[in-house]
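In what follows, chains carry the letters A, B, and so on, assigned in the order in which the sequence lines appear, proteins first and then strands, with residues in each chain numbered from 1. In what follows, every heavy atom counts, from backbone to side chain, and hydrogens, waters and symmetry copies are set aside.
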There are 2 protein chains.
Amino acid sequence: MRVSTRFSDSIHILAFIEIYKDIRLSSEVIASSVETSPVVIRRLMGVLREAGLIATKQGSAEPKLARNPKEITLLDIYFATEGNKPLFELDKKTNPECIVGGNIQGVLGDYYEEAKIAAQRKLNDTTLQDLIETILVKEKSKKSNN
Amino acid sequence: MRVSTRFSDSIHILAFIEIYKDIRLSSEVIASSVETSPVVIRRLMGVLREAGLIATKQGSAEPKLARNPKEITLLDIYFATEGNKPLFELDKKTNPECIVGGNIQGVLGDYYEEAKIAAQRKLNDTTLQDLIETILVKEKSKKSNN
DNA sequence: ATTTCTGTAACTCAATAAGTTACAAATATG
DNA sequence: CATATTTGTAACTTATTGAGTTACAGAAAT
C-alpha cells in the first residue's frame, strides 16, 4: 500500500494548533498548511481526540491541545495514530515441524522488540514543545538569511 | 499494501542454509520450512546474492553463506532486503509558505533519523550466529519437555 | 434563518508485496 | 549423451491498505 503519513501529519496538526492558537483554526486552514483535504484533517483530528490529545467541538473551529505541549511526546502521537505495531514484521506462517521454522518466530520477535523499543525511547525523548521551539528557531534562522 | 516479510524470510533462509549446510538445499526444501513457494525463495536468494551474503550456482542446489555467520548481522540482512528506508515517514508535501509546513520536514526528519539509528544499532548487535545458536537452544529446550 | 463548521460513512484510486505461471539456461544423473 | 532437475527471471494476478473524494447530518456562529 501507500506508506502512511498519519504520524507526521498528526504532529503537524498538533504543532499548528499550538502555534496558531490565537486564530480561527478550521480544518480548511490546517489543511492548507499540511497540503491535504479538510476531510483528511478532520479524520486525523478525530483520532487525536479519541487519544486524549486534543479537544474539539462540533461546528466550532477552535481545536485546543488537551495537554501542555511539554507533556506530549512524539511517542504519544505515534501510539495514537499508528498504534504499537511492529517496526519489523515476522512471517507468522513458518513450518512448525522444522527446527528453524518452529523456533525462529519467537527468537526474532525478541530481537525485533528490542529494536522497536530503542526507537520508541527516542521518540519519547522529544516533546511537542521541543518540536515547536525548533521549528520557530529554524524559521528565524531562515529570515536572518546568512 | 501487504506488509513485507522479506526481512524475516531472508533471515530464515540464511539460518536454514547454515544449519543444514550438509544436505541438499533446493529452493523447494527451503520453501517448505518458510512455507512459501520456491519461486519466492529464489527471488529472495537473488537479492541476498547481490548483497554478497550468499553464493549460488544456477542449476545446482547448493547455496552457501558467503561470509562467516559471526560476520553477518541482522542489520546487514535488513539493508540487503529492505534498504535503508525510513522507519517513520515524512509527509514530503507540506506548504512551504507556512511556518510549520516550511520547517517541519527538516526538524522531524532529524528526530526520525535518530530513532531509526537507535533501532538499527540494535539490529547490528545481533549476528546470524547468535540467532542460530538461540534457535538450537530453544529446540533442545522443547525436546527436554519440562 | 442562514452560513459555516465538524464528524463520519462510503467509495475510488494508487501503491506494493506475495504468490503464480512460464520458460530459458545451467547443472546433475544414469 | 540424453534426460531430469534446478536456478534465475519476467510477467501477471491477487490482496491489502492509506489517502483522497463525495455526500450529508448535526452543531455552532453570525
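Taking atom CD of residue A/Glu50 and atom C1' of nucleotide C/dG7, one finds them 11 Å apart after rounding to whole Å. Rounded to an integer number of Å, the gap from CD of A/Glu28 to P of C/dT6 is 9 Å. Rounded to whole Å, the distance from NZ on B/Lys93 to C1' on D/dG20 is 10 Å. If you measure from atom CZ of A/Arg2 to atom C1' of D/dT17, you get 10 Å, rounded to the nearest angstrom. Spacing between atom CG of B/Leu48 and atom P of D/dT9 amounts to 13 Å, rounded to whole angstrom units. Atom pair B/Glu89:CD and C/dT16:C1' shows a separation of 13 Å (rounding to whole Å applied). Atom CD1 in A/Ile41 sits about 9 Å away from atom P in D/dG20, given to the nearest Å. Separating the CZ atom of B/Arg6 from the P atom of C/dG19 is a distance of 12 Å, rounded to the nearest angstrom.
Listed nucleotides: C/dT6, C/dT8, D/dA19. Nearest to the side chain of A/Arg49: C/dT8. Considering only side-chain atoms of B/Ser37, the nucleotide from D/dA19, C/dA18, C/dT20 that sits closest is C/dT20.
Residues B/Ser27 and B/Met45 are not in side-chain contact: their nearest non-hydrogen atoms beyond the backbone lie 4.5 Å or more apart. Put simply, the side chain of B/Tyr112 reaches to within 4.5 Å of the side chain of A/Ser8, judged on heavy atoms. A heavy-atom distance below 4.5 Å is found between the side chains of B/Leu128 and B/Leu131.
In terms of phosphate contacts, A/Thr5 brings a side-chain nitrogen or oxygen within less than 4.0 Å of OP1 or OP2 of D/dA19. The shortest distance between the side-chain N/O atoms of B/Thr56 and the OP1/OP2 oxygens of D/dT7 is not below 4.0 Å. Remark: B/Ser4 is not in phosphate contact with C/dA17, judged by side-chain N or O atoms under 4.0 Å from OP1 or OP2. Within the structure, every side-chain polar atom (N or O) of A/Ser60 is placed at least 4.0 Å from both OP1 and OP2 of C/dT6. Taking only side-chain nitrogens and oxygens, A/Ser26 never comes nearer than 4.0 Å to OP1 or OP2 of C/dT4. One finds no side-chain N or O of B/Thr36 lying less than 4.0 angstrom from the OP1 or OP2 phosphate oxygen of C/dA18.
Closest-nucleotide positions on DNA chain D for B/Pro38 and A/Arg43 were compared, and the one nearer the 5' end corresponds to B/Pro38. Residues B/Lys85 and B/Lys57 both approach DNA chain C. Their nearest nucleotides, taken by heavy-atom distance, put B/Lys85 toward the 5′ side. In this structure, B/Gly46 and A/Glu82 both approach DNA chain D, and ranking their closest nucleotides by distance from the 5' end singles out B/Gly46.
Across all strands, A/Leu44 comes closer than 4.0 Å to no nucleic acid atom at all (heavy-atom distances).
When hydrophobic clusters are built by joining Ile, Leu, Val, Met, Phe, Trp and Tyr residues whose side-chain heavy atoms come closer than 4.5 Å, directly or via intermediates, A/Leu87 is grouped together with B/Tyr111. No chain of hydrophobic side-chain contacts below 4.5 Å, direct or via other Ile, Leu, Val, Met, Phe, Trp or Tyr residues, connects A/Val47 to A/Leu123.
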Tabulate protein N/O versus nucleotide N/O from nucleotides 22-25 of chain C, keeping only pairs under 3.5 Å, one per line.
unit_1	atom_1	unit_2	atom_2	d
C/dA25	N3	B/Gln58	NE2	3.2

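A donor atom on one side chain and an acceptor atom on the other are found under 3.5 Å apart for B/Asn84 and B/Gln120.
Counting only distance, with no hydrogens or angles, the side chain of B/Lys142 and the backbone of A/Asn103 share no donor-acceptor pair below 3.5 Å. At distances below 3.5 Å, not a single donor-acceptor pair connects side-chain atoms of B/Thr127 with backbone N or O atoms of B/Lys70.
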